There are 2 protein chains.
Amino acid sequence: MTSFTEENYLKIIYLLTERHNGNEVSTNQLAEHTQTKAASVSDMLRKLAEKNYINYRKYQGVTLTDAGEQIALGVIRKHRLWEVFLVEKLGFGWDEIHDIAEQLEHIDSKELTKSLDDFLGNPKFDPHGDPIPDSKGKMPSVSYQKLSDIPLNQSVVMMGVSVHSPSFLQHLDKNQITLGCTLKIREISEFDKSYSILLDEKNTIFVSNEVARNLLVQMQES
Amino acid sequence: MTSFTEENYLKIIYLLTERHNGNEVSTNQLAEHTQTKAASVSDMLRKLAEKNYINYRKYQGVTLTDAGEQIALGVIRKHRLWEVFLVEKLGFGWDEIHDIAEQLEHIDSKELTKSLDDFLGNPKFDPHGDPIPDSKGKMPSVSYQKLSDIPLNQSVVMMGVSVHSPSFLQHLDKNQITLGCTLKIREISEFDKSYSILLDEKNTIFVSNEVARNLLVQMQES
DNA sequence: ACAAAATTTTAGACTAATCTAAAAAAATAT
DNA sequence: ATATTTTTTTAGATTAGTCTAAAATTTTGT
Ligand SMILES: [Mn+2]
Ligand SMILES: [Mn+2]
Ligand SMILES: [Mn+2]
Ligand SMILES: [Mn+2]
């Protein structure tokens, strides 16, 4: 049995490890993301290590074992499927769904996950462009680049975001930046490194450097 | 804040009080339905009384206060809406949904409940024929009778079940007894009080007395 | 290389929800 | 009416998850 709390730790360890390209996750980082204190994290790490869900050497941070990763991927799969449901079927905006999915991701029913997946047409990506692990627990590999790493005048397609805060997503909405739109950098301001971008080959929009660093894009084709 | 556990107690108190026509629910009954021991129930009752969710005099059983009833009805509303979702949208059978709904009923999001209700077309009954409380927390009143209380040769419509166990529901499936079908009692066996019933004015089926006591029906019209 | 700073772990305590065993109260039966 | 049985509550423990404060370890800066 894996508790609600344990599932959350494993999910966060997975996501942070991924963000660090496979490097160990530290106690303090986990404390920040679980909204608890480092002491509480240490306790939980001891427990998860005993269950063989994580590789843990005191003071050295943690990574997931295969068993832990499978649990994490299962939770992430449910989270992202429910997000698709909330947007595609219930009409929520991509800025409104995360907290609800945080609850739904813990619903425990193989049959439900399967039926939901089919009902949604077996989606491969969630409303934020994040890939959905398959039912075997395999995470599709994606190769997105930050818009801020793309050269001037190169057409790219908006594929995802690396920040999921409602305020960031609402900011994108206001600028009509949506998944699948085409972006071409026209100019980067010398002064504040802000971007002038041609959107869908039509309008020119202006976004801050911070926005450009958090937009994930891909060259045409594929 | 109302915990998962407190919600379950309040829901069960509501349903048992309803079943007893408003009479107090006892500690032992709650222990049975919560799968805990009487001692644990006593602790929880003290706590729920402190929060003013129940009327509680030691040794005298409990009823819900208005505040407690509103919470219970909110949980029951979510339970039944999710059951409709599982059957109508995901294709589950009425015998497969209760345990999943037991989890989903605790998802906390006003917006989600509202959107789900609209997505389902604002259903008034769940797949077992149980009425769905409205968004204001009002439970529709229904007046069903047990099939076993209906006279011979009176046509009635099948409206619900008073037992929700998978095995009972599967037994009804096997006999083609579904919500909305027409039933007419042809004969009651002298020997074992079992029923011979005309189903949808076509086939004759035979069901035990126990089945007849757990089928809820209504006279034609309405 | 070593002192200072930062991070992590441990010790000890708390809360929610549960348990068993024992005590108290209520219901029942003669 | 009183003894017996049943039900309910209390007392005292336990587990999961959290906390603060203090100790241990690692990292950083000179
Ligand atoms: Mn999310
Ligand atoms: Mn997402
Ligand atoms: Mn149910
Ligand atoms: Mn139901």
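Please read all numbers here as calculations on a predicted model, not as lab measurements. So that the names make sense, note that chain A is the first sequence line, chain B the second, and so on, each numbered from 1.
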### Query
When all nucleic acid strands are considered with a 4.0 Å heavy-atom cut-off, which category describes A:Ser42: base, sugar-phosphate, or nothing?
base
### Query
When we call it a touch if two heavy atoms are under 4.0 Å apart, what does A:Ser40 touch: a base, just sugar-phosphate, or nothing?
base
### Message
Quick check for you: among C:dT18, C:dA25, D:dT18, whose closest atom lies nearest to any side-chain atom of B:Thr5?
### Response
C:dT18
### Query
Between atom CG in A:Asn28 and atom P in D:dT26, what is the gap in whole Å?
16 Å
### Query
For the pair made of OH in B:Tyr56 and C1' in D:dT9, what is the distance, rounded to whole Å?
7 Å
### Task
Using only side-chain N and O atoms of A:Ser26, determine if any of them is under 4.0 Å from OP1 or OP2 of C:dT8.
yes
### Query
Would a line drawn from the ring center of B:His98 to the ring center of B:His128 be shorter than 6.0 Å?
no
## Note on the structure
Side-chain contact check for B:Gln60: nearest option of C:dA26, D:dT20, C:dT9 is C:dA26
### Message
Expressed as a whole number of angstroms, how long is the span from A:Lys37:NZ to D:dT20:P?
### Response
4 Å
### Summary
Taken to the nearest whole Å, CG/B:Asn8 to C1'/C:dT18 is 14 Å
### Task
Indicate, with yes or no, if the rings of B:Phe92 and B:Phe85 have centres closer together than 6.0 Å.
no
### Query
Where the side chain of A:Thr2 meets the backbone of A:Glu7, is there a donor-acceptor pair that is under 3.5 Å apart?
no
### Task
Whole angstrom is fine here: how far is it from NZ in B:Lys58 over to C1' in D:dT9?
7 Å
### Summary
Closest to the side chain of A:Ala39, out of D:dT18, C:dT18, D:dT20, is D:dT20
### Query
Are A:Lys138 and A:Pro133 side-chain neighbours, meaning at least one heavy-atom pair lies under 4.5 Å?
no
### Query
Which part of the nucleic acid, if any, lies within contact of B:Thr27, taking any heavy atom under 4.0 Å across all strands shown: a base, the sugar-phosphate backbone alone, or nothing?
sugar-phosphate
